[in-house]
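Quick caveat: nothing in here was measured; it's all calculated off a predicted structure.
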Amino acid sequence: MTTQDSSGAPKPPAKDPWDLPDVSRLTVGVLGGTGPQGRGLAYRLARAGQRVVVGSRDAARAEAAAAELGHGVEGADNAETARRSDVVIVAVPWDGHAKTLESLREELAGKLVVDCVNPLGFDKKGAYALKPEEGSAAEQAAALLPDSRVTAAFHHLSAVLLQDESIEEIDTDVMVLGEARADTDIVQALAGRIAGMRGVFAGRLRNAHQVESLVANLISVNRRYKAHAGLRATDV
């Protein structure tokens with residue numbers, strides 16, 4: 001069934017939100033690919049058949065990590081990783097987030113950047129959320145990378161589960177945020193390549209802070225119940 005706009009012309013039917021693009025030929029770079037979260041994401045995407053390059057400040061360290069991960073994963077320094085990739089996942093520690101992105105502004109120009117960094121602090125009471133001046137890590141990335149297409153995703157994943165080769169599926173949804181539907185569709189499709197995982201659109205970048213902050217709650221859940229909890233969005 002079609003509807004009409006104010007001029008009387010028929011409007012096209014709404015796009016199916018689960019009609020996502022084929023991303024199988026894209027190269028995914030992972031900045032911070034030698035850390036637990038970066039290694040886990042690189043492993044899962046490569047295991048699903050994605051071409052993956054892991055990056056580090058030290059190329060030799062990245063190459064060693066890539067050899068350990070297998071599945072065709074390649075290693076390079078961060079700048080080369082950015083240049084060789086269509087999509088770049090930022091999985092660096094929060095305290096190095098701004099400096100890393102500032103140094104790679106030229107290499108990341110025109111790229112689809114997926115920020116999965118969670119600004120957190122820790123004290124004797126446990127984890128708590130930090131709020132960057134820009135509002136969130138993703139918004140900081142967007143401010144530092146004006147020539148890149150910045151999205152946010154992959155915040156709530158257990159690095160332990162991602163790296164466990166005995167686990168076939170990761171039972172979780174991935175909240176994906178961004179300004180352009182074409183970009184968030186690509187990130188959703190990448191998430192969906194990982195067995196058991198699904199990408200779900202969760203709003204624009206201005207909503208990234210609460211998504212990033214929720215990791216502090218998940219850490220508390222996991223400590224209390226000795227688990228590796230993720231998230232599921234119901235009724236979608």
Side-chain angles (χ1 to χ4, degrees), residues 15-35 37-56 59 62-63 65-92 101 104-117 138 141-142 145 147-155 157 162-163 165 167-170 172-202 205:
K15 181 182 176 183
D16 180 352
W18 300 113
D19 180 15
L20 300 173
D22 178 8
V23 296
S24 60
R25 296 184 181 274
L26 297 181
T27 298
V28 178
V30 184
L31 304 181
T34 59
Q37 195 79 357
R39 284 175 65 101
L41 283 168
Y43 170 69
R44 289 291 161 176
L45 287 167
R47 180 169 163 170
Q50 206 74 39
R51 183 181 178 192
V52 176
V53 184
V54 293
S56 172
E63 290 166 359
E68 292 173 3
L69 290 168
H71 296 279
V73 175
E74 301 172 63
D77 64 36
N78 283 331
E80 181 64 16
T81 296
R83 282 191 289 267
R84 289 166 57 183
S85 302
D86 302 299
V87 179
V88 179
I89 297 174
V90 181
V92 300
L101 296 184
L104 297 171
R105 181 175 297 167
E106 182 177 342
E107 290 83 0
L108 292 171
K111 306 287 185 177
L112 175 54
V113 174
V114 187
D115 201 296
C116 71
V117 175
L145 303 173
D147 298 319
S148 303
R149 295 137 50 210
V150 176
T151 60
F154 301 115
H155 301 90
L157 307 180
L162 289 173
Q163 295 182 86
E165 296 182 12
I167 294 176
E168 295 294 326
E169 297 186 356
I170 306 294
T172 193
D173 285 337
V174 172
M175 303 293 104
V176 180
L177 303 98
E179 300 303 316
R181 180 164 186 168
D183 294 336
T184 56
D185 279 359
I186 289 172
V187 180
Q188 285 181 254
L190 281 172
R193 297 211 73 202
I194 299 174
M197 205 174 284
R198 182 179 65 160
V200 178
F201 175 71
L205 286 186

Query raised in the report: Has the side chain of Arg47 got a donor or acceptor atom that lies under 3.5 Å from a matching backbone atom of Ala195?
Result: no
Query - Check: Asp86 side chain, Thr27 main-chain N or O, donor-acceptor pair, under 3.5 Å - result: yes
Query - Inter-residue atom distance Leu190.CG - Asp185.CG, 0.5 Å rounding - result: 11.0 Å
Query raised in the report: Less than 4.5 Å apart, any side-chain heavy atom of Leu101 and any of Asp115?
Result: yes
Requested in this report: Kindly give the heavy-atom pair with the smallest separation between Ala76 and Ala62, and that separation in Å.
Outcome: O-CB, 3.2 Å
Report task. Flag the pair Glu80 / Glu74 as yes when at least one side-chain heavy-atom distance between them is below 4.5 Å, and no otherwise. Result -> no
Query raised in the report: Quick check: does any side chain N or O of Thr184 sit under 3.5 Å from a backbone N or O of Phe201, one acting as donor and the other as acceptor?
Result: no
Query raised in the report: Testing Val176, Thr151, Leu112 for side-chain contact (heavy atoms from CB on, under 4.5 Å) with Ile186, which one passes?
Result: Leu112
Requested in this report: Taking Glu107 for its side chain and Asn78 for its backbone only, find out whether a donor-acceptor pair lies under 3.5 Å.
Outcome: no
Query raised in the report: Measuring from Leu104:CG to Asp77:CG, what's the distance to the nearest 0.5 Å?
Result: 9.0 Å
Requested in this report: Not counting sequence neighbours, which residues clear salt bridge (charged side-chain N to carboxylate O under 4.0 Å, His left out) with Arg193? List them please.
Outcome: none
Query raised in the report: Would you call Leu26 and Gln50 a side-chain contact if the rule is heavy atoms closer than 4.5 Å?
Result: yes
Query raised in the report: What is the minimum heavy-atom distance between Ala46 and Val52, and which atoms define it?
Result: N-CG2, 3.8 Å
Requested in this report: Calculate, to the nearest 0.5 Å, the distance between atoms CZ and CH2 belonging to Arg198 and Trp18 respectively.
Outcome: 4.0 Å
Query - Atom pair CG (Leu41) and CD (Gln163), whose distance is rounded to the nearest 0.5 Å - result: 9.5 Å
Query raised in the report: Closest heavy-atom contact between Met175 and Ala202?
Result: CB-CB, 3.9 Å
Report task. For Arg105, check salt bridge (charged side-chain N to carboxylate O under 4.0 Å, His left out) against everything at least two apart and list the hits. Result -> none
Query - Lys111 side chain vs Asp147 backbone, donor-acceptor pair below 3.5 Å - result: no
**Report entry** Heavy-atom pair with the smallest gap, counting every atom of Val90 and Val117
**Finding:** O-CG2, 3.6 Å
Query raised in the report: Under 4.5 Å between any side-chain heavy atoms of Pro17 and Arg181, yes or no?
Result: yes
Query - Reported CG-to-OG1 distance for the pair Leu162 and Thr172, which is rounded to 0.5 angstrom - result: 9.5 Å
Report summary line: What one should report as the nearest heavy-atom pair of Val23 and Ala189 is CG1-CB, 3.8 Å
**Report entry** Considering all heavy atoms, the nearest Thr34-Ala65 contact
**Finding:** CG2-CB, 3.8 Å
Query raised in the report: So, are Glu179 and Arg149 salt-bridged, with charged N and O less than 4.0 Å apart?
Result: no
Query raised in the report: Once you round to the nearest 0.5 Å, how far does CG of Leu69 lie from CZ of Arg39?
Result: 4.5 Å
Query raised in the report: Should Glu165 and Tyr43 count as side-chain neighbours, where that means a heavy-atom distance under 4.5 Å?
Result: yes
Requested in this report: Check the pair Val114, Val28 against side chain to side chain contact (heavy atoms under 4.5 Å, CB included), reporting the backbone distance first and the verdict last.
Outcome: CA-CA 10 Å; Val114 187; Val28 178; over 6 Å; no
Query raised in the report: Do Arg44 and Ile167 touch side chain to side chain, with heavy atoms closer than 4.5 Å?
Result: yes
